[in-house]
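Structure, as structure tokens:
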Amino acid sequence: MIRTHQAGQLRAEHAGQTVTLAGWVARRRDHGGVTFIDLRDGSGVVQIVFRSTDEAHALRNEFCVKVTGTVGKRPEGNENPELPTGEIEVTVNELEVLSESAPLPFPIDEHVTVGEEARLRHRYLDLRRDGQAKAIRLRSRASAIAREVLGARDFLEIETPTLTRSTPEGARDFLVPVRLQPGSWYALPQSPQLFKQLLMVAGMERYYQIARCYRDEDFRADRQPEFTQLDIEMSFVTQDDIIELGEAIVKALWGELASFDISAPFPRMTYHEAMDRYGSDKPDLRYDIELRDLTSFFAGTEFRVFQAEYVGAVVMQGGAGQSRKELDGWQDWAKARGARGLAYVVLDAETGEARGPVAKNLSEAHLKGLADAAGAQPGDAVFFAAGSKRSSQELLGAARIEIAKRSNLIDESQWSFLWVVDAPMFEPATDDKGKQIGWTAVHHPFTSPNEEWVDRFESAPDEALAYAYDIVCNGNEIGGGSIRIHRGDVQKRVFSLLGISETEAKDKFGFLLDAFQYGPPPHGGIAFGWDRVCMLLAGTDSIRDVIAFPKSGGGFDPLTGAPTPITADQRKEAGVDARPKAPVTSIQPFSSPGATH
RNA sequence: GCCGACGUAGCUCAGUGGUUAGAGCGCUCGCCUGUCGAGCGAGAUGUCGAGGGUUCGAUUCCCUUCGCCGGCGCCA
């Protein structure tokens with residue numbers, strides 16, 4: 001090493017020692033006769049002092065330098081309690097400029113906010129900033145912790161292909177042309193789902209992988225086209241085993257990285273309970289607003305809007321104090337979400353009298369009983385949604401979150417974890433006009449019905465429940481999984497209900513079905529959204545903060561400029577324009593000798 | 001695909017239908033021996049995202065377009 005110590009680790013005990021440091025000029029305070037420089041390396045910052053003025057004068061921000069000097073206690077009164085190294089400083093005898101830095105496109109300074117585009121274009125500079133560097137370091141530690149927990153439990157870390165064929169998740173695939181077979185394409189995996197199930201058939205019993213996944217869908221703050229899962233699968237387990245493992249991982253992560261001791265087992269809630277009480281399959285339990293089902297309360301109402309399959313309400317405490325403009329704002333908010341509006345009633349703070357546009361349409365009895373039925377007090381506002389149960393609950397659930405935000409009810413210092421279990425197996429598949437044309441799998445078609453439904457899910461597909469579970473943290477789904485179907489007869493019945501013919505099943509995942517002919521063990525697993533987990537641990541709002549080189553909107557990488565057009569030669573060689581011999585209308589059959597499902 | 005916001009100096013942002021478009025930070029130069037987001041003085045830096053239109057005159061108003069951010073759709 002060209003240095004003897006790390007800058008951030010020098011302490012009073014080093015006083016008197018001669019040290020050689022290497023790092024970057026973080027800040028220069030030039031007093032003429034004496035110059036102070038904050039020298040930064042990966043470990044932190046230390047103040048170095050130049051008495052000979054000329055060489056220090058030439059230094060600029062982010063020059064990479066090597067210095068040799070003597071560690072000394074700072075003169076009394078000049079200590080800096082803000083810095084871990086604040087008791088000491090290094091007086092320089094020898095300076096070597098390892099490399100110079102051009103003027104910076106933006107300051108490497110925690111106090112200055114810089115636009116994301118500029119930061120990503122010069123991400124290597126952005127990552128010199130303390131907060132950004134910490135997020136990346138934290139992620140490394142999170143991955144190490146996961147490996148420690150899983151390694152101690154005899155899990156095998158196994159890599160799976162990234163050049164593969166399309167797997168049955170619902171997103172668009174990224175495709176890769178194949179030079180050796182013009183006209184044929186690989187797909188990048190949306191997850192290692194099928195491979196990890198094959199590894200169970202292979203007797204690996206306990207698999208995990210920190211796996212890159214690819215989905216060609218639109219962006220969000222918490223979504224990237226390539227993202228990472230901590231992917232896990234186990235044989236001979238029940239749902240409770242997976243949940244216990246998930247809790248162990250989360251406990252280890254939050255214990256070390258957030259200094260938060262979570263008491264396991266985490267609370268569990270069924271999917272239906274979550275929807276009924278919170279209008280979300282990933283409720284944030286840091287605030288205790290709940291939805292009220294008013295369907296029976298309003299049965300027989302004259303008000304057309306409330307003559308619906310479901311009428312529900314959510315209360316905004318103190319919401320009656322909102323201005324007309326604020327109440328109108330809720331209408332815009334609801335319309336932006338595709339709802340027609342958000343009906344509301346405000347309860348007079350003095351008299352408790354119900355007022356607002358909706359109140360006129362309600363009977364005397366309904367107005368009188370409303371506060372009780374909705375769980376509201378004088379001075380509150382009550383928001384309503386009416387229509388189909390699912391969409392109304394979702395609207396109220398979104399309103400619940402928005403109320404918490406606007407009313408400042410979210411305690412950011414808290415962590416709320418829970419499992420949402422008993423997810424439905426199926427939901428109606430609809431055409432463009434919203435007419436039901438069949439059923440589609442909520443999770444994926446290999447998810448096992450639970451014990452109660454395994455023999456009769458066909459009798460009421462909309463009610464059938466799965467051994468599927470999501471782990472939720474502060475209103476974010478951070479992981480999810482299921483027990484898989486390992487019985488051929490059950491799998492056949494599920495395909496049949498989903499309207500997937502034997503031929504089609506063979507086309508899409510014949511290789512898995514083949515494998516399942518050879519004694520597949522009962523198995524199940526879970527996948528954590530690793531970017532999201534790290535984002536929460538890092539306390540940031542965007543997964544971009546925990547990805548070293550994230551993409552911006554539209555899949556553009558501001559640093560490399562990818563994606564780029566390709567040359568005519570590249571096109572030709574890649575076989576992008578190869579014409580298939582016959583038009584391909586569906587995925588090509590998977591051909592395998594002996595596939596006799 | 002849809003909705004909303006934004007785009008002015010290297011960075012963060014202010015501003016205006018009318019003379020030469022500003023601030024802070026950064027940058028360059030100078031001064032300064034105890035600073036720590038050092039201080040003081042001087043200086044340089046602009047396709048006001050792009051194109052078109054209205055106007056005597058547009059960075060400002062209108063239209064289109066591009067970029068970016070957030071949300072909806074989409075993403076099991």
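Heavy-atom basis, side chains included; hydrogens, waters and symmetry copies ignored. Naming convention: chains lettered A, B, ... in sequence-line order (proteins, then strands); numbering from 1 in each chain.
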[X] side chain: which of [options] is closest?
X: A/N80; options: B/C69, B/G37, B/C36; answer: B/C36
X: A/R223; options: B/G70, B/C11, B/C75; answer: B/C75
X: A/E116; options: B/C69, B/C11, B/U33; answer: B/C69
X: A/V112; options: B/G37, B/U35, B/C68; answer: B/G37
X: A/N61; options: B/A76, B/G26, B/G70; answer: B/G26
X: A/D218; options: B/C11, B/G67, B/G73; answer: B/G73
X: A/P103; options: B/C75, B/U33, B/C27; answer: B/C27
X: A/R337; options: B/G70, B/C72, B/C68; answer: B/C72
X: A/H31; options: B/G10, B/G37, B/U35; answer: B/U35
X: A/T113; options: B/A76, B/G71, B/U12; answer: B/U12

OP1 or OP2 of [N] sitting under 4.0 Å from any side-chain N/O of [X]?
X: A/R220; N: B/C69; value: no
X: A/R28; N: B/G26; value: no
X: A/Q190; N: B/A76; value: yes

Taking NZ, NE, NH1 and NH2 as the nitrogens, is one of them in [X] or [Y] under 4.0 Å from a carboxylate oxygen of the other?
X: A/R406; Y: A/E326; answer: no
X: A/E116; Y: A/R544; answer: yes
X: A/E226; Y: A/R212; answer: yes
X: A/D126; Y: A/R119; answer: yes

Contact class for [X] (heavy atom, under 4.0 Å): base, sugar-phosphate, or nothing?
X: A/E477; value: nothing
X: A/E394; value: nothing
X: A/P105; value: sugar-phosphate
X: A/G115; value: sugar-phosphate

If I take atom [atom1] in residue [X] and atom [atom2] in nucleotide [N], what distance separates them, rounded to the nearest angstrom?
X: A/E217; N: B/G1; atom1: CD; atom2: C1'; answer: 12 Å
X: A/F174; N: B/C74; atom1: CZ; atom2: C1'; answer: 14 Å
X: A/I108; N: B/C25; atom1: CD1; atom2: P; answer: 19 Å
X: A/Y469; N: B/A76; atom1: OH; atom2: C1'; answer: 14 Å
X: A/K551; N: B/C69; atom1: NZ; atom2: C1'; answer: 18 Å
X: A/E117; N: B/G70; atom1: CD; atom2: P; answer: 12 Å
X: A/I48; N: B/U35; atom1: CD1; atom2: C1'; answer: 14 Å
X: A/E89; N: B/U33; atom1: CD; atom2: P; answer: 17 Å

Quote, to the nearest angstrom, the [atom1] distance that separates [N] from [M].
N: B/C13; M: B/A5; atom1: C1'; value: 16 Å
N: B/C61; M: B/G18; atom1: C1'; value: 15 Å
N: B/G1; M: B/A44; atom1: C1'; value: 47 Å
N: B/U20; M: B/U65; atom1: C1'; value: 31 Å
N: B/A23; M: B/U16; atom1: C1'; value: 15 Å
N: B/G24; M: B/U64; atom1: P; value: 38 Å
N: B/G10; M: B/U45; atom1: P; value: 12 Å
N: B/C31; M: B/A14; atom1: P; value: 38 Å

Comparing A/D30 with A/F36, nearest RNA chain B nucleotide closer to 5' gives the residue A/F36

Is the ring pair A/W330/A/W333 parallel, tilted or perpendicular, if the boundaries are 30 and 60 degrees? perpendicular

If the plane angle is over 60° it's perpendicular, under 30° parallel, otherwise tilted; pick one for A/F426 and A/F457. tilted

Does A/F36 have its ring centroid less than 6.0 Å away from the ring centroid of A/H31? yes

Quick check, are the ring centers of A/F446 and A/F516 under 6.0 angstrom apart? no

Test for a donor-acceptor pair under 3.5 Å between the base of [N] and the side chain of [X], counting only N and O atoms.
X: A/R74; N: B/U35; value: yes
X: A/D109; N: B/G26; value: no
X: A/R29; N: B/G37; value: no

[N] pairs with, by Watson-Crick or G-U criteria that keep both distances under 3.5 Å:
N: B/C2; result: B/G71
N: B/C61; result: B/G53
N: B/A23; result: B/U12

Flag as yes if A/F106 stacks onto the base of B/C11 (centroids under 5.5 Å, planes under 30°), otherwise no. no

With A/R532, which of A/D545, A/D222, A/D541 fulfils salt bridge (Lys or Arg N to Asp or Glu O under 4.0 Å)? A/D222

